[in-house]
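Notes for the one structure printed next.
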Amino acid sequence: MIQTVVKRDGRIVGFNEQKIMAAIRKAMMATDKGEDEHLVNLITDHVAQRGKSQMNVEEIQDAVELELMKSSRKDVAQKYIAYRNQRSIARKAKTRDIFLDIVNVKSNDITRENANMNADTPAGMMMKFASESTKPFVDDYLLSDDAREAVKQNLLHIHDKDYYPTKSLTCVQHPLDHILNCGFIAGHGASRPAKRIETASVLACISMECAQNEMHGGQAIPAFDFYLAPFVRLTYIEEVKALEELSGEDYSSLYDEPLMDYLKQPLDGLSGKDRARQHAMNKTVGRVHQAMEAFIHNMNTIHSRGGNQVVFSSINYGTDTSAEGRCVMREILLSTFEGVGDGETAIFPIQIWKKKRGVNYLPQDRNFDLYQLACKVTARRFFPNFLNLDATFNQSDEWRPDDPLRYEHEVATMGCRTRVFENRFGPKTSIGRGNLSFSTINIVKLAIECMKIEDKEQRIGQFFASLDHMLEVTAKQLDDRFQFQKTALARQFPLLMKSLWIGGDKLRPDDKVESVINQGTLGIGFIGLAECLVALVGKHHGESEEAQELGLKIVTYMRDRVNEFCERYHHNYSVLATPAEGLAGRFTKRDRQQYGVIKGVTDRDYYTNSNHVPVYYKCSARHKAEVEAPYHELTRGGHIFYVEIDGDATHNPQVIMSVVDMMDRLNMGYGSVNHNRNRCMDCGYENATPDLKECPRCHSKNIDRLQRITGYLVGTTDRWNSGKLAELNDRVTHIDDGQQDMFSQQ
């Protein structure tokens, strides 16, 4: 007798004979003779009594089909068989349609889910086939009932779900000094330790490229200047020794001689050691510049995995005050300013300037000149972004200005915004750590479901009750994923666990990673605070103080609950201001299908990213910053502030400095500036002419605007999904020509 049933998704449930009876009745009603209740009961009893104690759905349906074929109602059997086939086809139809879109190189939100992947190439198509095949497997076999239902109801999005079965982690900040000083094994070859700047540059690339194949998120270097600085000195010594060999003179006193800076200067009037020093310095600067050019070129051209994808790479720098560190920074900035190829803006790595008082922010600071250069480069090339080490939540009590290893106590970020710093299970640092996984709650839908409640206090109270439930579901889902991830073996991540992840070097190849991965973070994200507030109180936080007060209450509540989850589950949970790309439109589309068009809520093709003021809302940069600033301390899993400026910023780096000044005053953590940059897709020519229609160099009309999407640049908007394209078209500027000096006057 049947006792339990194994469903198609692997769940085991109690046997329910009513489901058999309902299916037979449905088949009977589709025939001319209609229903026969006696036969329904007879067949149901036969199947139930003669079956094994546990059967799967297909076995039970086979048994029903056999009993119907033996009965006098062959017409019912035919309808039942046809119904089964239709159901099977329906289950496969969605996958079939998606696959056909990929095969036929259709441009839609599935194939354009990731703007930095070319899904039209064979490798890109294989990536999408694998991705779309894996996600249903995760839904059916790896998610709890609560998580599966939340996803089904459009309340929860599990990021990188296609990578879920691989047990991979999201991202990591590379301790590059270990790689450069010890070398590493990648594939079938071992890389020796670096001895000069060119090798160090190449190893930095290889480290990120190899790690990208072991993870589903981005790769970052937390202290690019500190890590590469020693190899500037080694290169300089190499040049001095070359001069010794050429001239027969002894210049060994120059090897370790303190230097204030590495600057190219003419040799006129110099002799002896002075001439040798300057000559070696000139040669060294040239080699460092070439090494930085090569680094940028490699990060934009070498594909780390299928889909024509380069590494989602980021580098943090700005606080090394040594002559060698300054040389690295100066040349990476100058190389970025010059551009790659025909002078195009480099998409990767995302560069992040670590701003710090007493180091590089004030005119008397040692690296202030490089900060000015960084602003000049940003005004032309979008990067670097700016990370505010002076923000109260970005500081460490361990940081000392005279500590040669002070970078270990400086927060670093992924260019997209992911932030890892606080740590309940080890040192407070970004190095050797990263995000494990993150999921995003659709707080807009939670608010929409409360709109029918007329009393505002009750409406908001119900919203918080619903939010609390979803936070519980999300925290449990992330813990479930962690429990799955921790069963991975160290040898599954040969570079990550050998050379990069904190504590991973102590693991043997067949050890599980459980003992070390809790150093990472689990992110609970949210999207659409603006639309959520409109649904609850009629206005968003950019246009209403009441809405702003409620918005801060919502995110503070999330922060407080997340801290409770840290204690309950013993993980580094954090709140993430989600960087939504495909998700920005996916949540909205499904909510609009269910609830219709709601003004200010579902009337656009996207929800606003995290806690941002809507891109279409016209306001000053100062107002936008004042609204968004308080959320930075609450969202320690990652956040970013954007300013959109109009026209050509190339000749006005002061406006960039003004934005950084504003971030400093408002205690903001991380920000960047967007501006106009046209790119000819045929010859690569770039300029900032408004509404450029024709390339002045080759006269092509194939012109695109270089744009930033969820934190990183994209060379063409052809690969943007519909939601992000709609958002792009709605973006308004926050600084015009008459406002660009406003910050310095306040």
Side-chain angles (χ1 to χ4, degrees), residues 172-215 219-245 252 255-256 262 280 283-305 310-311 313 315 317 320 322 324-325 327-328 331-332 335 349 404-405 407-408 431-432 490-509:
V172 66
Q173 292 277 356
H174 290 227
L176 194 62
D177 52 346
H178 180 75
I179 295 289
L180 297 178
N181 295 324
C182 302
F184 66 99
I185 297 175
H188 300 290
S191 296
R192 294 189 297 272
K195 294 182 179 179
R196 54 185 60 87
I197 191 62
E198 293 90 347
T199 311
S201 167
V202 170
L203 287 180
C205 293
I206 295 174
S207 178
M208 290 199 284
E209 288 159 3
C210 291
Q212 185 77 91
N213 288 314
E214 299 178 16
M215 310 187 78
Q219 309 300 316
I221 297 174
F224 188 75
D225 44 355
F226 281 94
Y227 290 148
L228 268 65
F231 303 95
V232 176
R233 175 63 73 158
L234 289 174
T235 303
Y236 170 74
I237 294 173
E238 190 174 70
E239 290 296 339
V240 173
K241 288 182 177 180
L243 285 174
E244 288 181 317
E245 185 176 349
S252 58
Y255 296 172
D256 299 316
Y262 286 77
K283 295 286 286 186
T284 299
V285 171
R287 289 174 61 181
V288 173
H289 188 83
Q290 288 182 326
M292 296 303 100
E293 281 186 328
F295 176 78
I296 295 172
H297 183 269
N298 286 339
M299 298 316 301
N300 285 278
T301 56
I302 299 177
H303 299 154
S304 64
R305 58 188 181 195
V310 295
V311 184
S313 57
I315 58 173
Y317 58 82
D320 187 349
S322 71
E324 290 77 19
C327 183
V328 170
E331 300 312 319
I332 192 77
S335 296
L405 300 179
Y407 61 87
E408 294 179 353
I431 299 172
R491 60 181 166 84
Q492 292 180 254
F493 314 112
L495 177 60
L496 180 66
M497 289 301 161
K498 183 67 175 176
S499 302
L500 302 179
W501 194 267
I502 187 170
D505 57 337
K506 297 179 176 63
L507 300 177
R508 294 178 299 236

Side chain to side chain donor-acceptor pair (under 3.5 Å) against Asp320, all qualifying residues, sequence neighbours excluded:
Ser322
To the nearest 0.5 Å, what is the distance between CE (Met215) and CH2 (Trp501)?
5.5 Å
Taking only residues two or more places apart in sequence or in another chain, which ones pass side chain to side chain donor-acceptor pair (under 3.5 Å) with Ser252?
Asp250
Gap between atom CD1 of Ile206 and atom CG of Asn298 - 0.5 Å precision
8.5 Å
Listing, residues 172-180 side-chain donor-acceptor contacts under 3.5 Å, not counting sequence neighbours, or none:
from, atom 1, to, atom 2, distance (Å)
Gln173, NE2, Thr413, O, 3.3
His174, ND1, Ser207, OG, 2.7
His174, NE2, Gln219, OE1, 2.8

Any non-hydrogen side-chain atom of Tyr255 less than 4.5 Å from a side-chain atom of Lys241?
yes
Which atom pair, heavy atoms only, marks the closest approach of Ala194 to Phe231?
O-CE2, 3.3 Å
How would you list, by chain and number, every residue that makes a salt bridge (Lys or Arg N to Asp or Glu O under 4.0 Å) with Arg192, sequence neighbours excluded?
none
Salt bridge (Lys or Arg N to Asp or Glu O under 4.0 Å) against Glu324, all qualifying residues, sequence neighbours excluded
Arg233
Listed partners of Arg287 passing salt bridge (Lys or Arg N to Asp or Glu O under 4.0 Å), at least two apart
Glu198, Glu238, Glu239
Kindly compute the distance separating SG (Cys210) from CZ (Phe493), expressed to the nearest 0.5 Å.
15.0 Å
Check salt bridge (Lys or Arg N to Asp or Glu O under 4.0 Å) between Glu244 and all other residues, then give those that pass, not counting sequence neighbours.
none
ring-ring contact (aromatic ring centres under 6.0 Å, His included) involving Phe226 - partner list, sequence neighbours excluded
Tyr407
List the atom of Met497, the atom of Ala490, and the distance in Å for their closest heavy-atom pair.
CB-O, 3.9 Å
Using a 4.5 Å cut-off on heavy atoms from C-beta on, say whether the side chain of Glu331 contacts that of Phe295.
no
Nearest-0.5 Å distance that lies between atom NZ in Lys195 and atom OG1 in Thr235:
12.5 Å
Rounded distance [0.5 Å steps], SG in Cys327 versus NE2 in His289
10.5 Å
Heavy-atom pair of closest approach, residues Ile296 and Asn300
O-ND2, 2.7 Å
Test side-chain contact (heavy atoms from CB on, under 4.5 Å) applied to Val232 and Thr284, step by step:
CA-CA 7 Å; Val232 176; Thr284 299; 4.0 Å; yes
Under the ring-ring contact (aromatic ring centres under 6.0 Å, His included) test, which residues partner Tyr236, sequence neighbours left out?
Tyr262
Sorted by chain and residue number, the side chain to side chain donor-acceptor pair (under 3.5 Å) partners of Glu209 (sequence neighbours excluded) come out as none
Knowing that exactly one of Ile197, Leu228, Ile332 qualifies, which makes a side chain to side chain contact (heavy atoms under 4.5 Å, CB included) with Val288?
Ile197
Side chain to side chain donor-acceptor pair (under 3.5 Å) filter on Ser499, not counting sequence neighbours, yields none
dist Asp505:CG -> Leu500:CG (nearest 0.5 Å) comes out at 10.5 Å
With sequence neighbours excluded, residues passing side chain to side chain contact (heavy atoms under 4.5 Å, CB included) with Leu243
Tyr251, Ala276, His279, Ala280
I'd like to check Met299 versus Val311 (side-chain heavy atoms, cut-off strictly below 4.5 Å). Are they in contact?
yes
